Amino acid sequence: QVQLVESGGGLVQPGGSLRLSCTASRSSTRIDAMGWYRQVLGKQREFVARATYGGSLTYADSVKGRFIISRDNGKNTVYLQMKDLKPEDTGVYYCYAFSRGDYWGQGTQVTVSL
């Protein structure tokens with residue numbers, strides 16, 4: 001059983017930066033993958049980035065070069081450092097974990113606007 005708690009969302013101007021954090025608790029086994037999805041209003045939830053336990057990183061094409069995912073296995077925490085944010089990055093960002101099943105955080109709002 002994994003519980004995910006997210007933080008770091010907020011309002012930022014285009015070109016700005018934010019760092020999201022997600023901490024997993026009550027883990028009963030190794031969390032094989034942690035990452036982030038996002039959902040723009042009116043659109044389906046989409047993959048953003050993923051980090052495996054061993055450190056393999058994967059990014060959606062839309063965020064490559066702008067977002068960096070990192071993971072601290074000792075703290076059961078995954079981060080998403082976002083830079084050069086664009087209005088189209090606006091949405092609810094959901095932390096994701098896979099550990100003998102799929103787990104989701106509650107989501108944190110990221111708004112990129114003047």
Side-chain angles (χ1 to χ4, degrees):
Q1 188 72 25
V2 177
Q3 296 172 330
L4 303 174
V5 179
E6 303 144 316
S7 64
L11 174 65
V12 65
Q13 294 185 355
S17 300
L18 284 174
R19 188 180 74 161
L20 306 182
S21 177
C22 173
T23 298
S25 63
R26 307 291 190 185
S27 178
S28 61
T29 188
R30 188 180 79 176
I31 300 176
D32 297 306
M34 297 185 73
W36 298 90
Y37 284 69
R38 68 186 181 189
Q39 187 165 26
V40 176
L41 185 63
K43 302 183 68 175
Q44 66 181 11
R45 189 175 299 186
E46 65 180 0
F47 169 78
V48 176
R50 178 195 304 114
T52 69
Y53 186 88
S56 179
L57 309 178
T58 305
Y59 297 93
D61 288 341
S62 59
V63 306
K64 285 181 179 177
R66 298 189 299 120
F67 292 9
I68 299 174
I69 189 169
S70 60
R71 180 172 173 175
D72 186 332
N73 292 329
K75 299 184 184 300
N76 285 327
T77 299
V78 64
Y79 306 93
L80 187 68
Q81 180 66 54
M82 306 182 292
K83 66 177 182 180
D84 298 327
L85 283 162
K86 305 175 183 297
E88 52 263 43
D89 295 318
T90 294
V92 179
Y93 283 67
Y94 296 91
C95 183
Y96 165 85
F98 176 78
S99 179
R100 300 195 299 176
D102 298 323
Y103 298 89
W104 295 92
Q106 79 285 357
T108 184
Q109 177 71 40
V110 172
T111 302
V112 185
S113 180
L114 295 172

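In this chain, residues are counted from 1 in sequence order. Treat the numbers as computed from the prediction; the structure is a model and nothing was measured.
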Legend entry - Rounded distance (nearest 0.5 Å) linking atom CZ of Arg100 with atom CD1 of Ile31: 11.5 Å

Inset, instruction - Can you spot which of Arg38, Gln106, Arg45 makes a side chain to side chain contact (heavy atoms under 4.5 Å, CB included) with Tyr94? - result: Arg45

Legend entry - Any donor-acceptor pair under 3.5 Å from Tyr59 side chain to Ile69 backbone: yes

Legend entry - Tyr37 and Phe47 aromatic ring geometry - parallel, tilted or perpendicular at 30°/60° bounds: perpendicular

Inset, instruction - Answer yes if Trp36 and Trp104 sit in the same cluster of Ile, Leu, Val, Met, Phe, Trp and Tyr residues linked by side chain heavy atoms under 4.5 Å apart, and no otherwise. - result: no

Inset, instruction - Decide whether Val92 and Tyr79 are clustered together by the hydrophobic rule: side chain heavy atoms of Ile, Leu, Val, Met, Phe, Trp, Tyr closer than 4.5 Å, transitively. - result: no

Inset, instruction - Return yes if some donor-acceptor pair links the side-chain N/O of Glu6 with the main-chain N/O of Cys22 below 3.5 Å, else return no. - result: no

Inset, instruction - Please report the shortest heavy-atom distance between Pro14 and Leu114, naming the atom on each side. - result: CD-CD2, 3.7 Å

Legend entry - Asp84 and Lys86 ion-paired at < 4.0 Å: no

Inset, instruction - Would you kindly confirm whether Tyr93 and Phe98 end up in one hydrophobic cluster when ILVMFWY residues are joined by side chain heavy atoms under 4.5 Å apart? - result: no

Inset, instruction - Would you kindly confirm whether Leu11 and Val110 end up in one hydrophobic cluster when ILVMFWY residues are joined by side chain heavy atoms under 4.5 Å apart? - result: no

Legend entry - Closest contact, heavy atoms only, Val2 versus Ala24: CG1-CB, 3.9 Å

Inset, instruction - State the OG1-CZ distance between Thr52 and Arg30, to the nearest 0.5 angstrom. - result: 8.5 Å

Inset, instruction - Supply the atom-to-atom distance Gln109 CD to Leu41 CG, rounded to the nearest 0.5 angstrom. - result: 9.0 Å

Inset, instruction - Decide whether Asp102 and Tyr96 meet the rule of one side-chain donor and one side-chain acceptor closer than 3.5 Å. - result: yes

Inset, instruction - Establish, from distance only, whether the side-chain atoms of Thr90 and Thr111 form a donor-acceptor pair under 3.5 Å. - result: no

Legend entry - Spacing of CG belonging to Asn73 relative to NZ belonging to Lys75, to within rounding of 0.5 Å: 12.0 Å

Inset, instruction - Please round to the nearest 0.5 Å and tell me the distance separating atom CE of Met82 and atom CZ of Arg19. - result: 11.0 Å

Inset, instruction - For residues Phe67 and Leu18, determine if any side-chain heavy atom of one lies less than 4.5 Å from a side-chain heavy atom of the other. - result: no

Inset, instruction - Check Cys95 against Val78 and note the closest heavy-atom contact, atom names and distance. - result: SG-CG1, 4.0 Å

Legend entry - Heavy-atom side-chain proximity of Thr108 to Ser7 below 4.5 angstrom: no

Inset, instruction - Give the cluster check for Val63 versus Leu57: same hydrophobic cluster or not, with ILVMFWY residues linked at side-chain heavy-atom distances below 4.5 Å. - result: yes

Inset, instruction - Would you give the length of the straight line joining atom CD of Gln81 to atom CG of Leu20, rounded to the nearest 0.5 angstrom? - result: 9.0 Å

Inset, instruction - Evaluate whether atom CD of Gln44 has more than 12 neighbouring non-hydrogen atoms of other residues, nucleotides or ligands under 6.0 angstrom away. - result: no

